[in-house]
Amino acid sequence: MIINVAHVNKTYLIPQQQAGFCGNLKSLFFPVYSQKSAVQDISFSITAGETVGIIGPNGAGKSTLLKMLTGILKPDSGQISLLGRDPFTDRRDCSQYIGVLFGQKSNLWWDLPVMDSFNLYQQLYQVADNDYKRDLDELAKIFELNDLLTKPVRTLSLGQRVRCSIAAVMLQRPKVLFLDEPTIALDIVAIEQLVKILLDMKKNRALTIIIASHDLAVIEKLCNRMLVIDKGQMIFDGSVAQAVEKYNCYKKITVVFARPITDLNEVNIPRGIAVQELLPTQLKCLYKDTVVANDVVLKFVQNLSYHWKIDEFFIERPTLNEVIINAFRQSNA
Amino acid sequence: MLFANRMLSRYYAVMRISFLEFTAYRADILFEFLTSPIIFIGYYFFFHAVSQHNIVKLGYSFQEIITYYALGWLLRMVLNQGIDSEISNSVITGKIAIELLRPIDYHYMMFYKSVGKGLARIIFYCIPGIAVLGVLVQNLNFALTNNIIFLLFFLIAFYIYYEIQFFIGCLSFYITVNVQITWMVEMLLRLMSGLVVPLNLFPPAVFAWLGYLPFQFIYFLPLKFFIQPPDLAMGLRYFFIGVIWMILLNLLNKWLFSRSVAKLTINGG
């Protein structure tokens, strides 16, 4: 067990300040704090080699959870163990084995060429020269860094900087990799490169990866497990396929007609199939595949084709995106 | 305590990069180098006038007092590195998160960083500064005889000043340490440590009171011992008091920092 989290809670004290001059004066002398519970009673454990995606809407507590896992925030209650240690009290020990990337914080030295930062990390993490050179060559090739290495960090674009930051973390040869919004400034090509390199490392080094991201496509490609967090609570823990199954009880039929139609009065819609949307040339219906059998669906489409000429029709499983939106809706209801 | 650390090579790497960082901006170096002499010119003419009219008896000759100020402002260029605002910036921007996640101790990492910067400042400010002053001002006395004692007290001064800056920096975990606070602390330090006025020129009661504080070790004692070397007993006594202050401040900051981190919240996502 690489990570074990048991009943963790974290509450922030947030200063409340009223707008305007009087409000400002008032909060100068009588500061008012409100409590915000960022993480409530979360428990899970992660074994070596797993790739776990943490997803949730803005302010759900993903980053707070990551910061507690890496040992920079102290949980109010509950236990966290990372590689058999307490990440907060043994932070210095733990940080030797973990790599952390915050998408919106740079881990490079602003005034110096990228190479100087990389060299510093080699010495800080005591990476052997051979390993370091091999990793650097490989990363420079995949991320196209060769032209950037001698440039001062301040002259790089945001995307270039994020690519270098990711490389800097990889060069530390971590056992556990924490990525908080790694794709935030990357273009599509760079995201593909990142996914490729992470899959490579996972295979070659038995790396454990924990990603918090809004980019569900990346999560779907990389992760074999997903934690869904909403309002500080864990609402789902399981594989991507399970998530789709749990929240996606619906399948979607889309029928495209050759000519505009006005209404569906002439057709008998079977029980269990609900019309989601009727556009002039397009009909979208939802149904539960546990309730409605496939031949009923086919018969319904055939029935439609007797009345109007159909150009095409398809049945889709919803994307992970739709599944997640659905999940948040359910947890808020 | 500092050097017994087996991870010295990591700290050496930090020292190296902060040296490199210092050399990144050439204009900064030039302008900071030119700033301190401006103040020194003021002191020079002030004490020149005072000594010619023999208005007060200071207990220092003109040559001694001029050396005191010249060396004092050179010293300031090495000691004052703005560690406090650096820590405060880290906390405000949330960069502290990344710095805490390195496999080294934050308190000592910052120390070695300041050693790197200090070395750079000695090379780029002090050595040329001494050369320029030696040529322009005939009355200076940079005799080598007193340099051993000075060096010893310079090291104590460097460490104590570092710990004081780190202490102020730690306060930024609780309040927003802004330019105003940093500026006020710096002014108080200048006054209480003898950079503005040698401490024995204050009223005797104030001088005695300041003797119980660590600040006199920053400018007053190194500079005074340079121009008026102490006898062995006095030198040793102050040396031991200095070392005790170093240990006390070190322990205080260790305690304060561990408390500060426990109540840390990371700004900015």
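The model shown is predicted, which means the values in this text are computed figures rather than measured ones. Quick note on labels: first sequence line is chain A, next is B, and so on, each numbered from 1.
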Checklist entry - Would you call the rings of Phe22(B) and Phe124(B) parallel, tilted or perpendicular, where under 30° means parallel and over 60° means perpendicular? => result tilted

Next on the checklist: Just verifying a value: how many Å separate Glu163(B) CD and Ile83(B) CD1, rounded to the nearest 0.5 Å?
Outcome noted: 10.5 Å

Item to check | For Asp135(A), the option from Gln172(A), Gln122(A), Arg173(A) that meets side-chain hydrogen bond (donor to acceptor under 3.5 Å, both in side chains) | outcome: Arg173(A)

Next on the checklist: Counting heavy-atom pairs under 4.5 Å with chain A, which one of Arg16(B), Arg102(B), Lys263(B) comes out on top?
Outcome noted: Arg102(B)

Item to check | Which portion of Leu112(A) sits near chain B, non-hydrogen atoms under 4.5 angstrom | outcome: side chain

Checklist entry - Of the backbone (N, CA, C, O) and the side chain (C-beta and beyond), which part of Tyr97(A) lies under 4.5 Å from a heavy atom of chain B, both, or neither? => result neither

Checklist entry - Are Gln96(A) and Tyr125(A) close enough that a side-chain donor and a side-chain acceptor fall under 3.5 Å? => result no

Item to check | CG-CZ distance between Leu108(A) and Arg154(A), expressed to the nearest 0.5 angstrom | outcome: 13.5 Å

Checklist entry - Of the backbone (N, CA, C, O) and the side chain (C-beta and beyond), which part of Tyr106(B) lies under 4.5 Å from a heavy atom of chain A, both, or neither? => result neither

Checklist outcome for this item: Whatever's closer than 4.5 Å to a heavy atom in chain B on Ile72(A) counts as both

Next on the checklist: Counting only non-hydrogen atoms closer than 4.5 Å, does Ser106(A) touch chain B with its backbone (N, CA, C, O), its side chain (CB onward), both, or neither?
Outcome noted: backbone

